Amino acid sequence: MSPPTPRLRRALLVLAAVPAALLCALAPLPAAADAPAATAAPADWTARPAGGGADRDARPYVYLEGTPGTALQDRLAVTNSGRAPLTVRLRGDGRAGAWIGFAADTVTVPARTRAEVPFALTVPPDAVPGDASGEVVADDGDKEIRVPVRVRIGGPTLAALTVEDVEISGGTIRYALVNRGNAMLEPRLAVRADGMFGTLLDRPERPLPLELAPGRRVERTEPWPDAPALDAVTVRLRVTAPGGARDEAEASATYIPVAPAVGGGLLVLGGLALLGSGAYRRRRTRRGDPEPPGVEPPGAESADDRQPITETRPLVKAGPLVKAGAES
């Protein structure tokens with residue numbers, strides 16, 4: 001058998017290389033030695049008031065009632081859905097949160113376990129009757145969950161609300177609401193604006209999306225996108241809340257277009273400048289006119305008056321007297 005020609009040898013090499021390349025492409029790549037290890041999934045856990053079974057039945061917040069000086073009990077449910085134990089730190093926040101005490105500030109919940117942590121809220125003996133609010137805070141270092149706490153303190157309650165610091169700035173009305181009583185308030189707001197030719201804005205009373213705790217002050221804004229361009233307006237705010245709380249406040253503003261105001265000011269300044277220039281030219285003309293001959297302005301001195309005054313007398317020589325008609 002004759003040896004293969006060079007062209008045949010190249011063809012055999014190509015045929016042999018194709019299966020090797022296919023094997024290399026299908027083989028899995030080895031893991032890099034310095035590749036970072038996969039990070040653990042974040043812990044999956046929740047905290048809510050205890051007592052509810054399914055999520056839809058869970059209480060939205062902790063609600064307690066008591067008189068000053070009493071200790072109220074409740075529980076916090078911490079559910080660990082992860083595959084590793086969960087450690088959370090517990091604390092209270094806010095006015096009512098400062099009254100909360102836990103048996104342990106740090107709690108460890110096993111994997112796939114729901115634990116109920118009891119806590120006590122002690123109402124101070126000098127607490128004012130009414131509503132107080134706060135939060136229970138659970139923190140695992142990466143995530144923080146806040147559970148609202150509301151306390152109704154027994155005794156006479158007072159609902160008092162004021163609206164203050166009303167300001168009008170362009171298309172925005174600014175104001176502040178202050179809870180002056182000892183009850184939790186859900187305020188409602190009505191807005192009215194009157195101009196020189198009638199009512200410009202009339203928004204009926206509507207609930208505001210907030211709850212105002214006793215002693216709390218909230219600054220808010222009311223948009224007015226169609227505010228007038230030229231008018232003098234008075235804006236009145238009326239706030240109410242359940243329990244008889246009610247207050248009103250108002251503010252006034254004048255709307256003037258910027259461009260016409262600037263143009264009018266320039267016209268006024270130009271007119272004043274022209275009047276001043278004309279008066280100045282008239283005064284200069286009066287001062288430069290020649291005076292008619294023989295007429296001197298009052299108070300002016302003549303050339304003769306400016307010469308020194310000299311008295312002239314005839315010289316008389318002494319001598320003998322000669323009678324008229326006498327012969328020498």
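Predicted model, so just to flag it, every value in this text is computed and none were measured.
At a threshold of 4.5 Å between side-chain heavy atoms, the hydrophobic network of Ile, Leu, Val, Met, Phe, Trp and Tyr places L177 and L189 in one connected group. Following chains of ILVMFWY side-chain contacts shorter than 4.5 Å, one can reach Y255 starting from I173, so the two form part of one hydrophobic cluster. V137 and V117 fall into different hydrophobic clusters, where Ile, Leu, Val, Met, Phe, Trp and Tyr residues are linked whenever their side-chain heavy atoms come under 4.5 Å apart, directly or through other members. In the hydrophobic clustering of ILVMFWY residues, with side-chain heavy atoms under 4.5 Å counting as a link, V136 and L86 come out together.
T108 and T87 share a side-chain donor-acceptor pair at under 3.5 Å. Side chains of R112 and S81: no donor on one and acceptor on the other come within 3.5 Å. With no hydrogens or angles considered, a side-chain donor-acceptor pair links T240 and E205 at under 3.5 Å. Of the N and O atoms on the side chains of D194 and T199, at least one donor lies less than 3.5 Å from an acceptor on the other residue.
Of all the heavy atoms in A249 and V166, the pair that sits closest is CB-CG2, 3.8 Å. Nearest approach of P228 to L200, heavy atoms of both residues: CG-CD1, 3.8 Å. Between A241 and P187 the shortest heavy-atom distance is CB-CA, 4.3 Å. Nearest heavy atom pair, residue V123 against residue A127, reads CG1-CB, 3.8 Å. Considering all non-hydrogen atoms of both residues, N80 and P110 come closest at ND2-O, 3.0 Å. Closest heavy-atom contact between W45 and V78: CE3-CG1, 4.2 Å.
Residue pairs meeting the salt bridge (Lys or Arg N to Asp or Glu O under 4.0 Å) criterion with at least one member in residues 148-157, sequence neighbours excluded: D131-R152, R150-E211. A salt bridge (Lys or Arg N to Asp or Glu O under 4.0 Å) check over residues 176-187, counting only residues at least two apart or in different chains, returns the pairs E164-R180.
For the atom pair E248 CD and R238 CZ, the distance stands at 6.0 Å (nearest 0.5 Å). Considering CD of E167 and CD of E219, their distance stands at 9.0 Å, rounded to 0.5 Å. Distance check, rounded to the nearest 0.5 Å: CH2 of W99 to CG of L64 gives 11.0 Å. Interatomic distance, R192 CZ to L237 CG, rounded to the nearest 0.5 Å: 13.0 Å.
Within a 6.0 Å sphere centred on CZ of R91, heavy atoms belonging to other residues, nucleotides or ligands number more than 12. Annotation for R174: atom CZ does not count as buried by contact number, only 12 or fewer foreign heavy atoms lying within 6.0 Å.
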- Derivation of the side-chain contact (heavy atoms from CB on, under 4.5 Å) call for L90 and V107: CA-CA 8 Å; L90 304 176; V107 177; 3.9 Å; yes
- Query: Under the salt bridge (Lys or Arg N to Asp or Glu O under 4.0 Å) criterion, do R59 and D74 qualify, and how do the steps go?
  - Reply: CA-CA 12 Å; R59 292 182 292 165; D74 209 315; 3.0 Å; yes
- Take D165 and R217, measure what side-chain contact (heavy atoms from CB on, under 4.5 Å) needs, and give me the verdict at the end. CA-CA 11 Å; D165 301 333; R217 173 190 173 91; 2.6 Å; yes
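Inter-residue side-chain proximity for Y63 and V149 is flagged as unmet; no heavy-atom pair is nearer than 4.5 Å. In this structure, the side chains of L201 and W224 come closer than 4.5 Å at one or more pairs of heavy atoms. Put simply, the side chain of P49 reaches to within 4.5 Å of the side chain of V147, judged on heavy atoms. For the pair I153 and P68, the minimum side-chain heavy-atom distance is below 4.5 Å. The shortest distance between side-chain heavy atoms of V88 and T106 does not fall below 4.5 Å.
With hydrogens and angles ignored, the 3.5 Å screen pairs a side-chain donor or acceptor of T113 with a backbone N or O of A111. A donor-acceptor pair is defined here as one N or O able to donate and one able to accept, closer than 3.5 Å; such a pair exists between the side chain of D247 and the backbone of V163. Side chain of D231 to backbone of T254: no donor-acceptor contact under 3.5 angstrom is found. Under the 3.5 Å distance criterion, the side-chain polar atoms of N182 are matched with a main-chain donor or acceptor of L158.
By the 30° and 60° cut-offs, the orientation of the rings of F102 relative to F119 is tilted.
Partners of R146 by side chain to side chain donor-acceptor pair (under 3.5 Å), not counting sequence neighbours, listed by chain and number: D93, E135, E144.
A side chain to side chain contact (heavy atoms under 4.5 Å, CB included) with L185 holds for exactly one of L161, L208, V239, L210; it is L161.
Here R220 does not pair with E222 in a salt bridge; the nearest charged N to carboxylate O distance is not below 4.0 Å.
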